[in-house]
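All chains are named by letter (A, B, ...) in the order of the sequence lines, taking the proteins before the strands, and each is independently numbered beginning at 1. A quick note: this is a predicted structure, and the numbers were derived from the prediction, not measured.
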Amino acid sequence: MPDLDERHLLLQQCCQEWAADLREHALALERDPTTVSRLLQLPAVSHSARLQIPPPYNPAPLVIGAERFYLTRALERTVFCEAMAWADLGMMLALPGASMCGVLVDVVGDTRQKEWFYSRILERPTWTFFALTEPGGGSDASAMRTCLRSGRDSLVLDGAKRYVSNAARASLGAVFFRAAPGPLGVGAALVETGTPGFAATVIDTMAVRGAQLGAITLDSVQIAPAQILGRGLSPLRRGTWGWLRTFNQLRPTVASMGVGLAQAAHDYVAANRRVLRKHEQDRLDELSRRIESVRQITRHAAIAVDHDPDSAHLAAAAKQAAAVLAEEAARQATGFFGPGARLDHPLLDKLVRDARALEFMEGTGNIQRLGLAAALSKGAVQADLCGPLGPGAACSPMT
Amino acid sequence: MTAMLSDEVAWQQLHDSARRNGPERALARAHADIAPHVIVAGPAGHAVAPAALARSASRAWPSGAPVDRRPGAVTVFTPVPLERSGLMAVRGLAVPGGRAGYQVNVAYRGWLLTLSWLRLGISAGLLDTALSYLAHRTVAGEPLLRKQMIQGELSDAVTRQLAVRALVSGRRAADLSDTALADAHRQITAGDGVLLRLMGARGLTVEWPGQAAYASELLADAYLSR
């Protein structure tokens, strides 16, 4: 059983304390998503705004005891994200900071882009966005219609994006585009939301309302060549390769959000049904064991991707398992209460709705299944099926 | 006070109304067919009803007890995603003889049967939207509807709808047990979940049918015994 080492246990304890403070604001955030901007004094919010920034660019990481944390390793992020999602998935996705865009910048950005992006993040609490999904085409790169073309004095972006977290409150973020036909013609650019032609509106959703999923339109948005991420890299590296590495990094963190939400459902039952009949206790214990098993594969996936950024199959399995777990755990939890449970327990109702959002984050369940099947046919999974998972069996950082 | 919908033509109309317009009108009709100004209370005193009815109902059904509007006696509220749906949730309504009273109440079983038709209508509307979405949404130039994994999931959802339809067609409340009706409602919820998932993030939006599917789940939550 790969337990966390002392260093990650320190981080876990700290994040769990932050999460307990966040939880009480979950329903207020759902009703009024601007609530998060009034919570900047909470440690979870203020620290998240300054984390996920690599050591060369972050002079003030999180310090706990003698340990420094940058949250740029997948295992660290899974510890953080599980705790925040336990507090509230909507809140987790509404936190300011480098977030998903930061991972992309770290993977494909050049030194100047990293300096610019991270310094903007450190100036003040700043929300960022990651605009990949498009109306009609989802996140299918081959169908991407947002285009980059040469204008008179600059480059110009035109297109539309959908379901982009924090789009309406962000100051800057990444826009994925197509500059030429074929797999080498795709890329991403850093865009400031105040640029003329950029507009974002909030989409009314049933779940994770705190994240304010948004629709973006790009109407002749001018950008400089320096804003094209990875412009010094080959077209393959700044395009599909860079995205795949970014998603490999992000999938264990999304999986950890599923684990956190499932744990929240479990803990809600434990806290609000103090006396359980034997068959109920057995059901709750079974759920607990299942959560722990998905937590373990999630940690293995994080360690694997920290060891090898091209590692994908464990992350796909973890993300798929966690999304299913979260939905089932939330739904099972309502079964511990009587008729009208979802009306009597708004937090539980929210867990059921929010869990569904995990299905769409960083690839649907079917995308994960196809990825896993592809890895299986290449022989990439067999070693994990026959021996210790991933690069090692201990949950300590691989260097 | 028990002139509940009891013929298949009326149930089909309810189904079609919910399929086209969502639950509000169909729920108003289902309530009106019991008696004017009544609101149906679930086994623990909950209701999900048209907002106008929730505010004005004078009696709870099946208890027949007056709706006590003293402060704190009845809580009327609306979960955030239902705020513009025209529906409202209610807690604290009187129930006849506790939950045990519900298990032997054939009239209440009739309400669960009516609800199954209404919820099937919402499921049919959900299927209409999912089919349209999957036909137009492409991956690598091919509609999602032609992808084998999608077809498999879609078939599973349709099978659930057909199974419930087969169970309730030609049946009256007296023909069905409480557990059979509860199973039918669970099938509806599970099938809707698959269809919502197949629509990607579109299934998460409040826009039809997300809100209607959520209302359908809350109806099951409020009115079914566990």
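Counting heavy-atom pairs closer than 4.5 Å to chain B, the top residue among A/Arg369, A/Arg356, A/Arg342 is A/Arg342. With respect to chain A, the highest number of heavy-atom pairs below 4.5 Å among B/Arg197, B/Glu217, B/Lys147 belongs to B/Glu217. Top candidate by heavy-atom pairs under 4.5 Å with chain A, chosen from B/Glu207, B/His136, B/Arg202, is B/Arg202. Taking chain A as the reference chain and counting heavy-atom pairs below 4.5 Å, the highest number among B/Thr205, B/Leu204, B/Leu218, B/Val139 is found for B/Leu204. Interface remark: of the candidates A/Lys350, A/Arg353, A/Arg331, A/Glu327, A/Arg353 forms the most heavy-atom pairs closer than 4.5 Å to chain B.
A/Leu29 approaches A/Val36 most closely through the heavy-atom pair CD1-N, 3.6 Å. The minimum heavy-atom distance between B/Leu82 and B/Ala215, with the atom names listed, is CD2-CB, 4.1 Å. Between B/Leu198 and B/Ile150, the shortest heavy-atom contact is CD2-CD1, 3.8 Å. Considering all non-hydrogen atoms of both residues, A/Arg23 and A/Ala87 come closest at NE-O, 3.0 Å.
If you measure heavy-atom distances from A/Glu30 to chain B, the contacts under 4.5 Å come from both the backbone and the side chain. In this structure, chain A has a heavy atom under 4.5 Å from the side chain of B/Arg91, while its backbone stays farther away. With a 4.5 angstrom heavy-atom cutoff, A/Asp204 touches chain B via backbone and side-chain atoms both. Using a 4.5 Å cut-off between heavy atoms, B/Thr189 touches chain A through its side chain atoms alone. Neither the backbone nor the side chain of A/Arg162 comes within contact range of chain B; no heavy atom of the residue lies under 4.5 Å from a heavy atom of that chain. Only the side chain of A/Ile203 comes within less than 4.5 Å of a heavy atom of chain B; its backbone N, CA, C and O stay farther away.
For A/Phe336 and A/Tyr268, the ring centers sit 6.0 Å or farther from each other. The ring of B/His31 has its center closer than 6.0 angstrom to the ring center of B/Trp111.
Side-chain atoms of A/Arg209 come within 3.5 Å of backbone N or O of A/Thr205 as a donor-acceptor pair.
Aromatic ring orientation, A/Phe176 versus A/Phe130: perpendicular (interplanar angle above 60°, classes split at 30° and 60°).
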